[in-house]
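Encoded as structure tokens, here's the structure I'll be asking about.
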Amino acid sequence: MYQPPHHREDRREVQHALIRSHPLGLLISSGEGGLLANPIPFRLVKTEEGLGTLQAHMAKVNPQWRALSGGAEVLIVFQGADHYITPSWYETKRETGKVVPTWNYAIVQVRGTVRVIEDSQWLRAQVDRLTDGHESKRMIPWAVGDAPDDFITAQLKGIVGIEVQITTIEGKWKVSQNRNEADRRGVAEGLDAEGSAAAGVMAAMVKTYGGLD
């Protein structure tokens, strides 16, 4: 990933937080027919040593998992907040006019080696943990056990598990750090004025990373 120094985000806790808040990762691998890519919801398991482990599952009818056998290397992309940035928000536009549009975003890319898992107990535990993690915030959480046992057993036969041992992880927060303070302030104010949730999230990031808080 192209990484200008001022956009790098190397803090592990910040990288992990983005994965947890945006767990739908794009799983990219290479197979006999070329590159394969599928969006998969992942669960991050933080380990005492190393960079962490990602766990997920996919349908057996999805051909990608067969290309992952034998410890294949994969790239997983987790996309965080993003927003279009108009040059109209820059003070520099009024001073010189020498500005162009851009796009702000936060993203984490993970590389790692894969283990394919077909053990039914592992799969049930994975589905339980993934479901519980997302349902716990709901007023009336749904649990896998709410469905009939025979139905769940049949569903588990249709999936395979994948576990990715992270070997490298990169974070890139492109949030106007390369602009001068007046331009950063103009971007934050412009985003706030947009009034949308996405714009509000990006405005907060521009303020934090641009030292405007």
Side-chain angles (χ1 to χ4, degrees), residues 1-4 7-12 14-47 50-85 101-120 122-131 133-135 144 155-175 197-198 201-202 205:
M1 178 165 60
Y2 171 57
Q3 278 279 41
H7 292 156
R8 292 187 67 92
E9 177 50 87
D10 293 325
R11 290 175 294 175
R12 192 65 33 75
V14 176
Q15 296 168 342
H16 282 183
L18 184 143
I19 293 174
R20 289 195 171 98
S21 62
H22 298 82
L24 187 68
L26 183 64
L27 176 67
I28 304 168
S29 62
S30 179
E32 292 183 0
L35 292 175
L36 300 167
N38 284 286
I40 306 263
F42 285 89
R43 192 176 73 89
L44 175 65
V45 181
K46 190 175 181 180
T47 54
L51 303 176
T53 301
L54 293 167
Q55 296 177 339
H57 61 274
M58 64 171 61
K60 279 186 177 179
V61 294
N62 185 334
Q64 187 174 20
W65 72 269
R66 297 186 184 279
L68 303 179
S69 302
E73 184 183 31
V74 296
L75 170 67
I76 308 171
V77 180
F78 295 94
Q79 177 66 60
D82 71 282
H83 206 281
Y84 171 76
I85 305 299
T102 191
W103 206 282
N104 278 7
Y105 57 86
I107 198 169
V108 169
Q109 290 190 2
V110 169
R111 294 179 188 271
T113 53
V114 181
R115 180 169 70 103
V116 175
I117 304 167
E118 297 186 74
D119 178 75
S120 60
W122 188 98
L123 288 168
R124 174 59 191 262
Q126 153 65 14
V127 172
D128 280 338
R129 287 190 292 259
L130 186 64
T131 302
H134 293 288
E135 288 285 337
V144 176
Q155 293 294 303
L156 292 176
K157 290 179 180 179
I159 62 175
V160 295
I162 58 172
E163 186 171 75
V164 180
Q165 189 67 42
I166 299 174
T167 54
T168 63
I169 182 169
E170 291 183 285
K172 183 176 182 179
W173 265 242
K174 180 181 176 294
V175 289
V201 170
M202 183 52 66
M205 294 173 68

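Sequence positions, counted from 1, serve as the residue numbers for this chain. Nothing here was measured: the structure is a model prediction, and the numbers come from that model.
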- Side-chain donor-acceptor pair present, Gln165, Thr53, cut-off under 3.5 Å: yes
- Message: Looking at every non-hydrogen atom in both residues, tell me the closest pair between Pro39 and Leu26 and how far apart they are.
- Response: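 Looking at all heavy atoms of both residues, the shortest contact is N-CD1, 3.9 Å.
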- Query: Taking side chain as C-beta onward, heavy atoms only, is Phe42 less than 4.5 Å from Ile19?
  - Reply: no
- Indicate the atoms forming the closest heavy-atom contact of Gly112 with Val164, along with that distance.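 Nearest pair, atom of Gly112 first, then Val164: CA-CG1, 3.8 Å.
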- Message: Please check: side-chain N/O of Ser29 versus main-chain N/O of Val74, any donor-acceptor pairing under 3.5 Å?
- Response: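 Checking the backbone N and O of Val74 against the side chain of Ser29, no donor-acceptor pair under 3.5 Å is found.
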- Rounded to the nearest 0.5 Å, what separation is found between the CG atom of Leu51 and the CD1 atom of Ile166? 6.5 Å
- Query: Taking side chain as C-beta onward, heavy atoms only, is Arg12 less than 4.5 Å from Ile169?
  - Reply: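 Side chain of Arg12 against side chain of Ile169, heavy atoms only: contact under 4.5 Å found.
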- Message: Test of understanding: with side chain to side chain contact (heavy atoms under 4.5 Å, CB included), list the residues that count as partners of Ala17, not counting sequence neighbours.
- Response: none
- Query: Atom CG in Leu24, atom CD1 in Ile76: separation rounded to 0.5 Å?
  - Reply: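 It comes to 11.5 Å.
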- For Pro4, the side chain to side chain contact (heavy atoms under 4.5 Å, CB included) test, sequence neighbours excluded, returns Tyr2, His6, His7, Lys172
- Item | Gln64 side-chain N/O to Leu27 backbone N/O, donor-acceptor pair under 3.5 Å |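 Present.
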- Determine the sole option in Leu18, Leu54, Val110 for which the side chain to side chain contact (heavy atoms under 4.5 Å, CB included) test with Leu44 is passed. Leu54
- Nearest heavy atoms of Ile40 and Ala56, plus distance in Å: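 Shortest heavy-atom contact: CG2-CB, 3.6 Å.
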- With side chain to side chain contact (heavy atoms under 4.5 Å, CB included) as the test, would you mind laying out the steps for Lys60 and Glu118 before giving the verdict? CA-CA 10 Å; Lys60 279 186 177 179; Glu118 297 186 74; 4.0 Å; yes
- Item | Pairwise side-chain contact, His134 with Pro41, heavy-atom cut-off 4.5 Å (strictly under) |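 Of all side-chain heavy-atom pairs linking Pro41 with His134, none is under 4.5 Å.
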- Item | Set of residues satisfying side-chain hydrogen bond (donor to acceptor under 3.5 Å, both in side chains) with respect to Asp119, sequence neighbours excluded | none
- Task: Only counting residues at least two apart or in another chain, list the ones meeting side chain to side chain contact (heavy atoms under 4.5 Å, CB included) with Val14.
- Result: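 With sequence neighbours excluded, Val14 shows a side chain to side chain contact (heavy atoms under 4.5 Å, CB included) to Glu9, Arg11, Trp173, Tyr209, given in chain and number order.
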- Which residues share a side-chain hydrogen bond (donor to acceptor under 3.5 Å, both in side chains) with Gln109, sequence neighbours left out: none
- Item | Shortest non-hydrogen separation from Ser30 to Ala67 and the atoms involved |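 Reported closest heavy-atom pair: O-CB, 4.1 Å.
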- Query: How long is the gap from CG on Asn104 to CD1 on Ile85, to the nearest 0.5 Å?
  - Reply: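 One gets 4.0 Å once the value is rounded to the nearest 0.5 Å.
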- Query: Hey, what do you get for CD1 (Ile159) to CG (Asn62), rounding to the nearest 0.5 Å?
  - Reply: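 Separation between the atoms: 12.5 Å.
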- Task: Check for a donor-acceptor pair, side chain of Gln79 on one end and backbone N or O of Ala106 on the other, with a separation under 3.5 Å.
- Result: yes
- Task: Working to the nearest 0.5 Å, report the span between CD1 of Ile162 and CZ of Arg115.
- Result: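 Ile162 atom CD1 to Arg115 atom CZ measures 11.5 Å (nearest 0.5 Å).
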- Straight-line distance of Glu170 CD to Arg8 CZ, nearest 0.5 Å: 6.0 Å
- Task: For His16 and Val45, indicate whether the former's side chain and the latter's backbone hold a donor-acceptor pair under 3.5 Å.
- Result: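 Such a contact is absent between His16 side chain and Val45 backbone.
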- Task: Determine the minimum heavy-atom distance between Met202 and Asp82, stating which atoms define it.
- Result: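 So the two residues come closest at CE-CA, 3.8 Å.
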- Given side chains that start at C-beta, do those of Met205 and Val201 come closer than 4.5 Å, heavy atoms only?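 Yes. Closest side-chain heavy atoms under 4.5 Å.
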- Note on the structure: Applying side chain to side chain contact (heavy atoms under 4.5 Å, CB included) to Thr131 and not counting sequence neighbours gives Val127, Glu135, Trp142, Val144
- Query: Above 12 or not: heavy atoms from other molecules or residues under 6.0 Å from NZ of Lys46?
  - Reply: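 At most 12 heavy atoms, drawn from other residues, nucleotides or ligands, come within 6.0 Å of this atom.
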